[in-house]
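Structure, as structure tokens:
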Amino acid sequence: CALTPQGGVLCWGNDAVGQSSPPEGSFRAVTAGSSHTCALSSEGQVVCWGDDTYDQISAPEGLFTAVDAGGLHTCAIDTAGQASCWGFGASGQTTPPEGSFKAISAGFLHSCAIDEQDQVICWGEDSSGQAAPPAGTFVEISAADQHSCALDPEGLITCWGNLTWENSEHGTPTDPGHQGLCSGSSHSCARSADGLPYCWGTFGVQTNLQPYGPIQPLTTLSAGTFHNCGLSPEGQAVCWSYSGEIDGADQPPAGFPNP
């Protein structure tokens with residue numbers, strides 16, 4: 001999904017449970033989960049659509065500054081800085097701690113946030129250490145399936161949890177200057193200092209490594225389970241995938257965005 005220049009939401013790909021059929025309205029952010037999607041309206045309300053098996057689209061009332069859709073749950077930060085999560089919560093991923101937060105990310109069975117002291121706090125499933133962040137100060141956070149990554153003020157990336165790819169050619173980048181951190185199920189991506197996308201990890205349960213992505217600068221970047229998308233400096237959607245057979249999620253509408 002993406003925002004149009006007019007503030008509408010446009011989605012493409014699998015629509016089996018309505019996750020690619022957004023409502024009309026004016027929005028300032030959109031986030032796609034496994035089978036549900038949420039957006040932040042211009043006024044600050046969270047609006048969700050798609051699968052609601054676990055109440056993951058049953059957003060609470062109130063005004064929010066950030067929202068992130070995970071596997072089967074959703075998290076958001078309200079205007080007071082408090083975190084709220086809803087949906088599937090058997091591992092505690094929908095029970096955030098008390099405190100004030102700047103950023104939040106919903107993974108599959110865990111969630112993470114950055115507090116007012118720029119520390120990362122995670123909760124939920126921790127079988128692979130994905131909810132055990134290192135000490136340090138961070139400005140971006142992204143929770144995946146069994147791993148999490150964060151970006152420090154210098155643009156250096158730190159990941160923790162199940163990092164089976166670290167000894168491969170597609171390991172976590174070690175140079176500074178990155179931004180736009182995001183994660184799919186078993187891979188993560190970020191933009192380098194010159195805007196080029198770089199991804200590391202694996203696609204789902206596949207042993208094939210995630211491709212680097214298009215060799216062109218992007219202004220935004222978003223990672224899905226088997227595909228990634230970004231916007232070119234001209235505002236065109238650019239997507240790529242592992243197999244090319246993912247219900248069209250890697251095929252944005254021709255000419256997007258519409259003028």
Side-chain angles (χ1 to χ4, degrees), residues 2 29 31 66 68 101-108 110-115 117-122 128-204 206-242 250:
T31 173
D68 192 55
F101 300 95
K102 297 179 176 181
I104 198 163
S105 181
F108 187 62
H110 77 292
S111 306
C112 295
I114 297 177
D115 67 16
Q117 289 73 46
D118 297 324
Q119 308 293 306
V120 171
I121 298 175
C122 300
S128 297
Q130 65 266 46
T137 58
F138 299 95
V139 296
E140 294 185 23
I141 179 65
S142 185
D145 187 344
Q146 295 183 355
H147 78 278
S148 305
C149 295
L151 194 71
D152 75 8
E154 302 300 321
L156 288 167
I157 298 168
T158 300
C159 298
W160 58 94
N162 185 351
L163 308 179
T164 56
W165 61 80
E166 285 295 29
N167 293 323
S168 72
E169 62 177 321
H170 288 256
T172 305
T174 58
D175 50 322
H178 287 88
Q179 57 186 322
L181 181 66
C182 58
S183 296
S185 176
S186 300
H187 75 284
S188 295
C189 301
R191 291 179 290 121
S192 65
D194 55 7
L196 293 175
Y198 179 84
C199 299
W200 60 97
T202 61
F203 266 136
Q206 305 290 339
T207 57
N208 304 70
L209 293 170
Q210 149 71 0
Y212 287 85
I215 305 176
Q216 68 178 93
L218 299 176
T219 60
T220 64
L221 188 59
S222 179
T225 301
F226 293 105
H227 74 293
N228 306 302
C229 291
L231 287 179
S232 71
E234 297 73 33
Q236 300 300 308
V238 178
C239 299
W240 67 99
S241 69
Y242 163 69
D250 61 341

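We count residues from 1, following the sequence as given. Nothing here was measured: the structure is a model prediction, and the numbers come from that model.
- Separation of atoms CG (L163) and OG (S186) is listed at 11.0 Å; rounding is to 0.5 Å.
- Here the OG atom belonging to S128 is positioned 8.5 Å from the CG atom belonging to D145, to the nearest 0.5 angstrom.
- Counting all heavy atoms, side chain and backbone alike, H147 lies closest to H187 at CE1-N, 3.7 Å.
- D68 and A106 get closest at one heavy-atom pair: OD2-N, 2.7 Å.
- In this structure, I121 CD1 and C112 SG are separated by 10.0 Å, a value rounded to the nearest 0.5 Å.
- When all heavy atoms are compared, the tightest approach of C122 to V120 is SG-CG1, 3.8 Å.
- S148 approaches H110 most closely through the heavy-atom pair OG-NE2, 2.7 Å.
- Nearest heavy-atom pair across F101 and A113 is CD2-CB, 3.5 Å.
- Between Y198 and G171 the shortest heavy-atom distance is OH-O, 3.3 Å.
- Residue pairs meeting the side-chain hydrogen bond (donor to acceptor under 3.5 Å, both in side chains) criterion with at least one partner in residues 149-162, sequence neighbours excluded, are Q146-N162.
- Within the model, atoms CG of L218 and CG of L196 stand 8.0 Å from one another, a figure rounded to the nearest 0.5 Å.
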Please tabulate, for side-chain N and O atoms in residues 136-143, each donor-acceptor pair with protein atoms closer than 3.5 Å (sequence neighbours left out).
from : atom 1 : to   : atom 2 : distance (Å)
E140 : OE1    : G180 : N      : 3.2
E140 : OE1    : L181 : N      : 2.8
E140 : OE2    : G180 : N      : 3.4
S142 : OG     : S183 : N      : 3.0
S142 : OG     : S183 : OG     : 2.8

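- The disulfide bond (SG atoms under 2.5 Å apart) check on C159 picks up C149, with sequence neighbours excluded.
- Proximity of a side-chain donor or acceptor of T219 to a complementary backbone N or O of P233 within less than 3.5 Å is not detected.
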Show the numbers, then the answer: is there a side-chain contact (heavy atoms from CB on, under 4.5 Å) between S232 and Q216?
-> CA-CA 8 Å; S232 71; Q216 68 178 93; 3.8 Å; yes
